[in-house]
Protein chains: 2
Amino acid sequence: MPSHTRRERALEERRELIVRTARELAEAEGWEAVTTRRLAEAVDYSQPVLYGHFKNMDAISTAVALEGFEELAAVLRTGRERDGLRGLAEAYLRYAEEHPAVYDAMFVRHTDLLFGQVETPEILRTTFGEIMAAVTPFAPDDPETLTEVFWSSLHGLATLANGSRLRPTHHQQRLNHLIAAIGHP
Amino acid sequence: MPSHTRRERALEERRELIVRTARELAEAEGWEAVTTRRLAEAVDYSQPVLYGHFKNMDAISTAVALEGFEELAAVLRTGRERDGLRGLAEAYLRYAEEHPAVYDAMFVRHTDLLFGQVETPEILRTTFGEIMAAVTPFAPDDPETLTEVFWSSLHGLATLANGSRLRPTHHQQRLNHLIAAIGHP
DNA sequence: CTAGATTGTCTAGCGGTGCTAAGATCCGGT
DNA sequence: ACCGGATCTTAGCACCGCTAGACAATCTAG
């Protein structure tokens, strides 16, 4: 029986190795560099081993995304506790800037991990709940709609900044504008 | 000599055929379906003909994006003249919703078409200028920063809505919130 | 009108991709 | 010692972006 759990632990470890390696490869060279061949070579197994753990390549980036949601929920909570709406916004934008590949996996790439669905994983609700907790004081009667707007604004700032489509210099001023706009109704 | 211009006109027509077909294919089945083989077959030429007009596949989606900027600048202007900031925002979000593949080519896919650079094509400045013209009344002393924020918010709403990450029902309410936030400083 | 050069287009191929069937190998239980 | 099942790899398919070289058509010069 203990061999059974040991086997399972070995499998789980290898699964984590795959996800970690995929994430490192994506952060280092972008998701287009994460191919089954390169990933298999990096973890020192053949390609079919990957398919023993994940049904396809998208499932691997989804696993990375789920890790990201855990981390994002945590940093949002810390930021919110430190400085409310502004602290949360800073934490969100910092996370997106520091982990662009993970952020892409969470919000830009594949489509099969959705908010607002019945099947939405708990951690996605938790993450959204963090934003809502920071926004609620400014729209107590309908926090959900303002949360969507605030989140969209953060998402827009994050993706356009990551894609070098905003001036790199005015980060703080943009944040000031956004906080002022949402915070003073 | 007239044969020269006729030849050039034929080339230009074929170039437009390629761009138009790529756009239709992308709108119908997404950009991942726009491959050199399928596109070549759709225009009834072999693949190398595509490379006579464009240096690679990215250049084709860039050509589609440039068409999109022309159209977007026009609808933004119309919307702004009709109803100021709100009219522009409605026009922006409607364009993104009705032409998701073109919108992706403009703002989500490739990276070699950037704002705020020295080499930025005039039409990109014009489009950004449209947004700035609508925003300036609300921040006369530094319109550019608020424009970036407002544009980011619109971009976030557009992409998250296109990716089914926002409730499909509260479109108008979200817009109301955003206009109220930016419009009343 | 013919011969040669130029232009235009296509066939065929390279190295890469995601993914999988089928064979090889290892390992525990009898 | 052997067998059966789990595990891993080799080898392959159909597709991808992209390009070299063969081929055909057209234009130019004599």
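Residue numbers start from 1 in every chain, and the chains themselves are labelled A, B, ... in the order their sequence lines are given, proteins ahead of strands.
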Starting at [atom1] of [X] and ending at [atom2] of [N], how long is that distance when rounded to a whole Å?
X	N	atom1	atom2	value
A:L17	D:dC8	CG	C1'	16 Å
B:L50	C:dT9	CG	P	12 Å
A:Y45	C:dC19	OH	P	21 Å
B:N56	D:dT19	CG	P	8 Å
B:L39	D:dC18	CG	P	12 Å
B:W31	D:dC16	CH2	C1'	16 Å
B:D58	D:dC16	CG	C1'	14 Å
B:I18	D:dG17	CD1	P	14 Å

Proximal nucleotide (of [options]) relative to the [X] side chain:
X	options	result
A:M57	D:dC16, C:dG18, C:dT9	C:dG18
A:S46	C:dA21, C:dG18, D:dC8	D:dC8
B:Y51	C:dC19, D:dT19, D:dT9	D:dT19

I'd like to know if A:R82 and A:E90 make a salt bridge, using a cut-off of under 4.0 Å between side-chain N and carboxylate O. yes
Test: B:R165 and A:E148 ion pair at under 4.0 Å: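 Salt bridge absent between B:R165 and A:E148.
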Without hydrogens or angle criteria, can the side chains of B:Q173 and A:T145 be said to hold a donor-acceptor pair below 3.5 Å?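 B:Q173 vs A:T145: no donor-acceptor pair found between side chains.
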Between the base of C:dG16 and the side chain of A:R37, is there a donor and acceptor pair under 3.5 angstrom? no
Polar pair under 3.5 Å, donor/acceptor by atom type, side chain B:Q47, base C:dC10: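 No.
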A:T36 side chain near C:dC19 phosphate (N/O to OP1/OP2, under 4.0 Å): no
Has B:R38 got a side-chain N or O lying under 4.0 Å from the OP1 or OP2 atom of D:dG17? no
A:L175 and A:A89: which non-hydrogen atoms are nearest, and at how many Å?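 Distance-wise, the nearest heavy atoms are CD1-CB, 3.7 Å.
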Exactly one of B:Y103, B:Y92, B:Y95 clears ring-ring contact (aromatic ring centres under 6.0 Å, His included) with B:H155, and that residue is B:Y103
Let me know, please, whether A:P48 or A:A33 comes out on the 5' side of the other along DNA chain C by nearest nucleotide.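 Comparing both residues, the 5'-ward one is A:A33.
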